Protein chains: 2
Amino acid sequence: MDMSEAASARRIELQFDTEPRGYTISLQPGGIEELGHIVYPYARGGKCALVVDAAIRGGHGRRAEAALRDAGLEPVVSELPSGESSKSLARVEALYHRWLENGLERGAPVVALGGGVTGDAAGFAAATYLRGVPFVQCPTTLLAMVDSSVGGKVGVNVPEGKNLIGAFYQPRAVVMDPEVLRTLPSRELSAGLAECIKHGTIRDPELFAWMSDAMHAIRSLDAVAVMELVERNVAIKAAVVREDEREAGVRAHLNFGHTFAHAIEATSGYGVHLHGEAVGLGMLAAAQLAADLGMADVEVRRRLEEMVAAAGLPVRAELAGCESLRAAMALDKKVVGSRIRFVLVPRIGSAEIRDDVSEAQIDAAWDSIRS
Amino acid sequence: MDMSEAASARRIELQFDTEPRGYTISLQPGGIEELGHIVYPYARGGKCALVVDAAIRGGHGRRAEAALRDAGLEPVVSELPSGESSKSLARVEALYHRWLENGLERGAPVVALGGGVTGDAAGFAAATYLRGVPFVQCPTTLLAMVDSSVGGKVGVNVPEGKNLIGAFYQPRAVVMDPEVLRTLPSRELSAGLAECIKHGTIRDPELFAWMSDAMHAIRSLDAVAVMELVERNVAIKAAVVREDEREAGVRAHLNFGHTFAHAIEATSGYGVHLHGEAVGLGMLAAAQLAADLGMADVEVRRRLEEMVAAAGLPVRAELAGCESLRAAMALDKKVVGSRIRFVLVPRIGSAEIRDDVSEAQIDAAWDSIRS
């Protein structure tokens, strides 16, 4: 990855070498206004598709639509209702029909404007419409910027579980406009910070220390701090994805906190906790487990809890019984392998995988985050 | 592509170098009995999926299932009703649910046993289940052997048109057992021959001449003739697909006869003519058009008609009015480009694309195959 930073970090471009072609992530305040120029080269005809989260249809959605029109494009706009339920085959099928009905041909790009749900569903539709059309991501949540928009995973949920249907499909471009974070509910900002904390915890002690110092500036959306936050986290996510192409398994470290988090989400009903809130809690449970296994100093858990709290995330929650939680973990596991594998952190900045954990140890980890 | 031929052509292996990994097509009488050994290396757990055309569930389906079991695999079998209507998102979704319900994990391969419909629908499901699982094709019709199983296109139809949703997804292996052609209805065999005639016509005059001589042996399913037929045609399809990766457009030559054929199928209702029958008629209409444009000698059309008839395919049909047929062509075109592009053959063995054709010339071509 190359980084070319313009004066005073007003625009950062990160270049990715993926197959079958590379792409650029542009990180730029006001980037939405540039969307037309960025999408135009991929549109052979004048038409393109714009898929936008219903919650931002009126604000950022109108700005994006205007930017596309100003560049001479003719956007066919679709709204996706906010929330996980839009990551469904039915919604994807509705996108196909809308695009066909409006004559979108093979050269027409699909632009996704919204959070992870919008990017994943619109990306899967783009990957499979006419066997794949150009895809441009414009993530509008911190979580989508630092996590779901990097790595090429697109897909939808089925009643049996999340992300079970999908594809690997690289975008032609990713446009991140940090100014959109000003209209993001602060609870959503905190949820995005959970993945940033995770990145620092599993492989970048300097990022962890910097976030600890800069948390106030970040949460007040100081422009320089936000640019640095997004850039560093995108770089980590991209590096992990790239390393994993050679060395199977590193990507699994990104699941730190997630085995617990998925069980929290599944047992409390999706939507009670935001995914990032569940990840914050899950990282604390995992840190407890590492301490109880004698693998990490209890100080690791203390620093992590301090950081999670500083990010505005819960450090305790009402949880289902341990048996239900373990059953939910086992169900999650069933799809990815044969035993429950935990990503554990011996010290801030590194991660290991362990699958030799007793039920009693798992229950103690759960109890450490139970309110 | 390398070819290594065992003594007396009892087994032919064709090696393909595709991204992200190559694969082998094994052409072998009795190949279905080898399916277990071929699939086993791709199955990390013991489970695999077998998707089989309902029409052959009892015969070849049982043999394939037994071969998989004998190799120590545990096949989860799904039947797809015969016919184009099985290439639907609803059928693909039903496959997802069946696989999830039976605990098929990331390593579990999907084996498609049937014609193009089975291969395309099961292949699309395999491409998108858990973001892609290993896929093994076992085509049981001549058409699927020489055409749809080569090239990596998988997908389904939507009410707006055929093959509009899909992906490029390469199989891990393709197993062709020419003995299954003994149970193929002869009308289906003739339909497959249409694509073989097409291959000879657009780029291999020797294949055309050989087919002309060998037609009786082929239609009587002489083992040596069938092996040669399949091998030569797979090689042509593969070469065109490979060349097209470098030089955009060659793959379009495979549409020879298809612009007319799609209009025949659309206006007469899918299922009245087999696709191959429509292609046979379409090639004759295209040959008429080339003659009328002064591009080809009328002898080309005469030789083609003789071959189409010898293959047991119709050379005339009851057709809709010219206006309806032209409207159907325009609709087909709408999705792939801006003007109707015809693949025309100046002489047996080469093809060119023309888009400067008048309505009167198109109508005359239609009238030349109207009964």
Side-chain angles (χ1 to χ4, degrees), chain A residues 18-21 44-47 88-90 92-108 120 123-133 151-169 245 248 251 330-331 333-338, chain B residues 18-21 44-47 88-90 92-108 120 123-133 151-169 245 248 251 330-331 333-338:
Chain A
T18 47
E19 288 298 332
R21 63 181 76 73
R44 266 182 286 168
K47 285 181 185 170
S88 71
L89 289 164
V92 166
E93 202 169 339
L95 290 176
Y96 297 149
H97 293 309
R98 177 140 174 82
W99 297 344
L100 286 166
E101 170 184 297
N102 283 277
L104 286 182
E105 299 185 3
R106 237 162 233 155
D120 285 2
F124 183 61
T128 50
Y129 182 69
L130 305 177
R131 294 199 192 90
V133 293
K153 286 186 180 177
V154 294
V156 296
N157 307 326
V158 281
E160 292 88 345
K162 290 173 75 174
N163 296 318
L164 295 179
I165 304 306
F168 288 95
Y169 195 67
E245 283 168 18
R251 196 161 181 164
L331 204 71
K333 170 217 73 162
K334 216 182 67 176
V335 183
V336 295
S338 49
Chain B
T18 48
E19 289 298 332
R21 64 181 76 74
R44 266 181 285 167
K47 285 182 185 170
S88 71
L89 289 165
V92 166
E93 203 169 338
L95 291 175
Y96 296 150
H97 293 308
R98 177 140 174 83
W99 298 344
L100 286 167
E101 174 183 295
N102 284 277
L104 287 181
E105 300 185 1
R106 236 162 234 154
D120 285 3
F124 182 62
T128 51
Y129 182 69
L130 305 178
R131 294 202 190 87
V133 293
K153 285 186 179 178
V154 294
V156 296
N157 306 327
V158 282
E160 291 89 344
K162 290 174 75 174
N163 296 318
L164 295 179
I165 304 306
F168 288 95
Y169 195 67
E245 284 168 16
R251 194 161 182 163
L331 204 69
K333 168 217 73 159
K334 215 181 69 175
V335 184
V336 294
S338 50

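All values reported here derive from a predicted model rather than from experimental measurement. Chain letters run A, B, ... following the sequence lines, proteins first and then strands; every chain starts at 1. Side-chain atoms are counted along with the backbone in the values below, which use heavy atoms only and exclude waters and symmetry mates.
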Nearest-0.5 Å distance, CD1 of residue B:I165 to CG of residue A:L130: 6.5 Å

Proximal component of A:F124, with respect to chain B [non-hydrogen, under 4.5 Å]: side chain

Under the side-chain contact (heavy atoms from CB on, under 4.5 Å) test, residues paired with A:E93 that sit two or more places apart: A:Y96, A:H97, B:L89

Non-hydrogen atoms of A:V154 and B:R131 that approach each other most closely: O-NE, 3.7 Å

Which residues share a ring-ring contact (aromatic ring centres under 6.0 Å, His included) with B:Y129, sequence neighbours left out: B:W99

